[in-house]
S.K.: 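Structure incoming, see below.
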Amino acid sequence: MRNACLPLVFVFLFIISGCAPSDSPGNTTEFQYQMNFAFNQFTMQESDGGYYCGITNTMFYIDKKTMKPVYLCNKPNCLHADEPDIQKRRLCNAFFTCTSPDMQFNLYKNNLYLLIAVDGPAKEVIRADPDGTNRKTLYRFHSGEFIQNEILHRGQLYLFMSGYDENMIKTTEIHVLDVESSSPELKALYTLEPNEGASNITVYGDYLYFTFTREDRDTWEKLD
């Protein structure tokens with residue numbers, strides 16, 4: 001009787017101590033709280049006074065005292081999502097133009113860093129003030145690059161990017177982007193074995209944690 005081929009799940013720990021010192025000035029968080037829900041259509045980040053919540057292409061802020069969600073927009077007379085004119089709606093500080101509902105973002109050093117699709121599947125990393133204003137594109141990816149997961153830690157944006165080679169073998173790589181650089185460049189950090197996938201990224205201190213699966217295996221293994 002043949003054994004069933006089940007995905008093999010690992011917890012992997014990756015040392016990133018070379019990226020920045022532990023006592024970096026202004027480093028206010030060693031563990032970036034991030035909550036992602038199904039299909040990445042709902043992402044939440046915690047700040048000192050409240051929570052930022054991104055739903056599809058709209059950003060909300062929830063004050064911890066009142067727990068009342070409001071649009072991340074302080075423009076007087078702005079109708080936000082109730083604005084019937086799409087061109088005027090794009091002027092709302094809470095609105096982010098994106099072509100897919102998987103807006104992902106991080107809160108770091110009093111700035112919002114967003115990863116959104118702006119032209120079909122092509123994505124951009126955008127920095128904005130905590131009120132949604134003063135937006136600047138830091139980096140633009142090619143349309144063929146599929147980003148599975150991302151997380152920001154000590155100014156480094158870690159991205160899990162996957163694709164398929166000419167033999168339809170799945171490839172997954174970890175890249176890093178320095179969002180505090182005046183001209184950020186995407187750098188390869190680690191390459192997984194063929195047909196391995198990764199998810200559930202967590203960064204704490206000098207370590208990057210994630211789980212990954214291996215296909216075509218029917219035994220469990222443990223990584224040292």
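Keep in mind that what you see is a predicted model, and the values were worked out from it rather than measured.
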S.K.: So, using salt bridge (charged side-chain N to carboxylate O under 4.0 Å, His left out) as the criterion, who are the partners of Glu180 when residues are at least two apart?
M.R.: Lys109
S.K.: State which residues pass side chain to side chain contact (heavy atoms under 4.5 Å, CB included) with Asp48; sequence neighbours excluded, sorted by chain then number.
M.R.: none
S.K.: Could you tell me which residues satisfy ring pair (Phe, Tyr, Trp, His ring centres under 6.0 Å) with Tyr139, sequence neighbours excluded, listed by chain and number?
M.R.: Phe141
S.K.: How would you list, by chain and number, every residue that makes a salt bridge (charged side-chain N to carboxylate O under 4.0 Å, His left out) with Glu124, sequence neighbours excluded?
M.R.: Arg140
S.K.: Only pairs at least two apart or in different chains count here, so list each side chain to side chain donor-acceptor pair (under 3.5 Å) that has a residue in residues 125-135.
M.R.: Asp129-Asn134, Asp131-Thr133
S.K.: Among residues at least two apart in sequence or on other chains, which ones pass side chain to side chain contact (heavy atoms under 4.5 Å, CB included) with Ser183?
M.R.: Ser181
S.K.: Give a yes or no on whether Phe96 and Val70 share a hydrophobic cluster (residues Ile, Leu, Val, Met, Phe, Trp, Tyr; joining criterion: side-chain heavy atoms under 4.5 Å apart).
M.R.: yes
S.K.: Taking only residues two or more places apart in sequence, or in another chain, which ones meet Met67 in a side chain to side chain contact (heavy atoms under 4.5 Å, CB included)?
M.R.: Tyr51, Ile62
S.K.: List for me each residue that meets ring pair (Phe, Tyr, Trp, His ring centres under 6.0 Å) alongside Tyr113, sequence neighbours excluded, and say none if there are none.
M.R.: none
S.K.: List for me each residue that meets salt bridge (charged side-chain N to carboxylate O under 4.0 Å, His left out) alongside Lys64, sequence neighbours excluded, and say none if there are none.
M.R.: Glu46
S.K.: Between Gln45 and Phe105, is there a donor-acceptor pair closer than 3.5 Å when you use the side chain of the first and the backbone of the second?
M.R.: yes
S.K.: So, using ring pair (Phe, Tyr, Trp, His ring centres under 6.0 Å) as the criterion, who are the partners of His175 when residues are at least two apart?
M.R.: none
S.K.: Following the transitive rule for hydrophobic clusters with a side-chain heavy-atom cut-off under 4.5 Å over Ile, Leu, Val, Met, Phe, Trp and Tyr, establish whether Phe95 and Leu72 coincide in one cluster.
M.R.: no
S.K.: Can you sort out the partners of Ser47 under side chain to side chain contact (heavy atoms under 4.5 Å, CB included), two or more places apart, ordered by chain and number?
M.R.: Tyr52, Tyr61, Leu107
S.K.: According to salt bridge (Lys or Arg N to Asp or Glu O under 4.0 Å), does anything in residues 75-95 pair up with another residue at least two apart or in another chain? List the pairs.
M.R.: none
